[in-house]
Amino acid sequence: MVIKIYNTLTRSKEELKPGAPPKVTFYVCGPTVYDYIHIGNARVFIIFDVVRRYLNYRGFDVKLVQNYTDIDDKMINRANDQGITVPELAARFIEAYEEDVTALRIRPADVKPRATEHIPQIIELIERLLENGFAYISEGDVYYDTSRYTDYGRLSQQKQDELLAGARVEPGEKKRSPLDFALWKQKKEGEPSWESPWGEGRPGWHIECSAMSTHYMNDTLDIHAGGADLIFPHHENEIAQTWGADQRPLARYWMHAGYLNIEDQKMSKSLGNVRTVRELVERHDPLDLRFLILSAHYRSPLNFSADLVAQSRAGRQRLQEMIVNVLDLLGSAGNSAGESEEKLRNALGNARKRIVEAMDDDFNTADGLGVLFDLARSCNIYLKEGFPYNRELLEDVIHFYRDINDVFEILDISVPGKLDEEIAALIVRRDEARAAKDWAAADRIRDELTTRGIVLEDTPHGTRWKRK
RNA sequence: GGCGACAUAGCCAAGUGGUAAGGCAGAGGACUGCAAAUCCUUCAUCCCCGGUUCGAAUCCGGGUGUCGCCUCCA
């Protein structure tokens, strides 16, 4: 079995063949830390979090690098607006970012480099580009000479003349061609700057990723990923830079996540529909948000609305319900064997196989979720018909869900905590009332518990409770 | 203007040549003292028109529609 990845560079699915297996070097373009991240950003980070976890699940040793862009026009403008320095702004939103992704259960990257901490590597890279004739100096700025790189436009599948036709020409440009882009920008008054061979200034946006990925991964990356809107010009430019400096491809596989819309509209400031993660995790269970994002293929556009979160929640709880039931019954399960066990055992084996097939095929999480639901049904049938239960089998089921949840992280698979003694006593009293067929008293207690957030379920094997 | 993506039930969504996964919502039934949970049944011929094929949601051509990129943007 091999993992297939849709490579934006070739517009086709390719087998994953890392440069030095089982190692996989993985670079994800991180946030520009000038504001809180929104749900669109979160989609990208959740998707690649799952990709990374799945590669781990399949036995790869993944090294994930994700940068912070902490110096660029947006950073400078925002810092000025707020009357603080760029480093202050960066510190504030890096902290906010880490809180947000933690809330979303996104695992931190192995390395989280900041552009401003890699100025020497950036300068060194620009120097190599100048030496190789892929860059030129113009009035204190340094630009990449796109005419020197014949493959420019390959990633975005645009020809240079077509790009030129659509390019906007700003007045007062120091560039030779509208397609050229800044590697180094001369200092303007009031901007952060660093010394360089070309005078004081700061790096352009694209150069940091080329410099830092090379610094931390040395050679051609296995996977480089980001949002679809980074294809042009950001990733195109990164490729050009690395080629110009080292005559090697930056990455083997380019992955891009699709857009997220808000109630069928593009998320934008002007529409006022930007939804920050900060705001959403207040109102929704982060696991519901993850579930929603994983319910569509990562390259497809995804719509976001409160209604869709509610749908996701309802579906997710079906799985959650089954998990809780199984965990609850584990203690009382024995070692019976029979047709029921056989059926569930087969369903489990099937699920194991199918989930790998789904995920190996370009990380088809939507298909994978279907597998989890199918197994949940089989398991529910077993819980209904298989009493007395087989402990080992139930443990295997839980083990399977734990393994997959270690990739998806959409479920809470933990043994439920103890109840207050008072509440436990109420449940006992209700059971006594039911035994005495005092339905009025039993219902009164149940209502009382409901208002306290405890929901009861009467099963053939006793009363079960759960928190709502 | 150039490039590209997508179009599957009320909603979400998988499926790239062999006769439509899964979830949400709905309807009917079983179980239950009543519920809850669960199970069973039920709910689509895949935007339109042509073509290729024994056979197409899946391939090709032509429409229509939606969206994206070409400019900061995840």
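Here the side chain of A/Ser300 is nearest to one of B/A74, B/A14, B/A37, namely B/A14. Nearest nucleotide to the A/Leu260 side chain, out of B/A37, B/A74, B/G33: B/A74. Residue A/Gln157 has its side chain nearest to B/C3 when only B/A13, B/A74, B/C3 are considered.
For the pair A/Tyr298/A/Asp362, a side-chain contact is recorded, criterion being any heavy-atom separation below 4.5 Å from C-beta on. Contact check for A/Ile3 versus A/Met359: no side-chain heavy atoms found under the 4.5 Å cut-off. Residues A/Tyr401 and A/Met322 form a side-chain contact, since some pair of their non-hydrogen atoms from C-beta on lies under 4.5 Å apart.
Across the protein-nucleic acid pair, A/Lys466 atom NZ and B/A36 atom C1' stand 7 Å apart, rounded to whole Å. If you measure from atom CD of A/Glu457 to atom C1' of B/C34, you get 15 Å, rounded to the nearest angstrom. The interatomic distance linking A/Tyr259 (OH) with B/A5 (C1') rounds to 11 Å, in whole Å. Atom P of nucleotide B/G2 and atom CG of A/Leu179 are separated by 18 Å, given to the nearest angstrom. The CD atom of A/Gln158 sits 15 Å away from the P atom of B/G1 (whole-angstrom rounding). Rounded to an integer number of Å, the gap from A/Tyr382 OH to B/C39 C1' is 16 Å. Between the NZ atom of A/Lys384 and the C1' atom of B/C39 there is a distance of 4 Å, rounded to whole Å. Residue A/Tyr298 contributes atom OH, which lies 13 Å from atom P of B/C6 at whole-angstrom precision.
Take A/His234 and apply the ring pair (Phe, Tyr, Trp, His ring centres under 6.0 Å) test, not counting sequence neighbours, and it matches A/Trp205, A/His206. A search for side-chain contact (heavy atoms from CB on, under 4.5 Å) contacts involving A/Thr150 returns nothing, not counting sequence neighbours. Residues meeting the ring pair (Phe, Tyr, Trp, His ring centres under 6.0 Å) test with A/Phe26, sequence neighbours left out: none. Residues that satisfy the salt bridge (charged side-chain N to carboxylate O under 4.0 Å, His left out) test with A/Glu98, not counting sequence neighbours, are A/Lys112. A/Tyr36 is linked by a ring pair (Phe, Tyr, Trp, His ring centres under 6.0 Å) to A/Phe93, counting only residues two or more places apart in sequence or in another chain. In this structure, A/His38 has no ring pair (Phe, Tyr, Trp, His ring centres under 6.0 Å) partners at least two apart in sequence or on a different chain.
On the P atoms, B/G28 is 14 Å away from B/A36, given to the nearest whole Å. Comparing the P positions of B/C72 and B/G18 gives an interatomic distance of 44 Å, to the nearest angstrom. With both ends at atom C1', the span from B/A21 to B/C46 equals 14 Å, rounded to whole Å. The C1' atoms of B/G55 and B/U45 are separated by 14 Å, rounded to the nearest whole Å. Here, B/U71 and B/C3 have their P atoms 15 Å apart, quoted to the whole Å. B/A9 and B/A13 are spaced 11 Å apart, taking the C1' atom of each and rounding to whole Å. Taking the C1' atoms as reference points, B/A14 lies 15 Å from B/C24, given to the whole Å. B/U42 and B/A37 have their P atoms separated by 22 Å, given to the nearest Å.
Dashed line: the shortest gap from a side-chain N or O of A/Asn364 to OP1 or OP2 of B/A14 is not under 4.0 Å.
Base pairing of B/U53 is not made with any nucleotide, judged by Watson-Crick or G-U wobble geometry with both donor-acceptor distances under 3.5 Å. Under the Watson-Crick or G-U wobble criterion, with both distances below 3.5 Å, B/U45 is left unpaired in every strand shown. For B/A30, the paired base is B/U38 (Watson-Crick or G-U wobble, both distances below 3.5 Å). Base pairing of B/C3 is made with B/G68, judged by Watson-Crick or G-U wobble geometry with both donor-acceptor distances under 3.5 Å.
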Anything under 3.5 Å between a protein N or O and an N or O of nucleotides 42-45 of chain B, put it in a table, one pair a line.
none

Tabulated below should be each protein N or O lying under 3.5 Å from an N or O of nucleotides 64-66 of chain B; please produce it.
none

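The residue among A/Arg43 and A/Leu292 whose nearest nucleotide of RNA chain B is located toward the 5' end is A/Leu292. Between A/Asn41 and A/Lys266, it is A/Lys266 whose nearest contact on RNA chain B lies nearer the 5' terminus.
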Check: What do the steps show when you test A/Leu394 against A/Ile398 for side-chain contact (heavy atoms from CB on, under 4.5 Å), and what is the final call?
Finding: CA-CA 6 Å; A/Leu394 292 182; A/Ile398 288 296; 5.7 Å; no

If you look only at distance, which donor and acceptor atoms sit under 3.5 Å apart when one is on a side chain in residues 221-230 of chain A and the other is two or more places apart or in another chain?
unit_1, atom_1, unit_2, atom_2, d
A/Asp222, OD1, A/Gly19, N, 2.8
A/Asp222, OD1, A/Arg252, NH1, 2.8
A/Asp222, OD2, A/Thr25, N, 2.9
A/Asp222, OD2, A/Thr25, OG1, 3.3
A/His224, NE2, A/Glu238, OE1, 3.3

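For A/Arg446 against B/C34, a side-chain-to-base donor-acceptor contact under 3.5 Å is present. Between the side chain of A/Asp458 and the base of B/C34, at least one donor-acceptor pair of N or O atoms lies under 3.5 Å.
Listed by first and then second residue, the ring pair (Phe, Tyr, Trp, His ring centres under 6.0 Å) pairs that reach into residues 349-386 of chain A are A/Tyr382-A/Tyr389, sequence neighbours excluded. Under the side-chain hydrogen bond (donor to acceptor under 3.5 Å, both in side chains) criterion, the residue pairs touching residues 343-352 of chain A are A/Arg345-A/Asp396, with sequence neighbours excluded.
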Notebook entry, point to check: Just by protein heavy atoms under 4.0 Å, how would nucleotides 21-27 of chain B read 5' to 3' in B, S and -?
Noted result: BSBS---

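Donor-acceptor pairing under 3.5 Å is lacking for the side chains of A/His297 and A/Tyr6.
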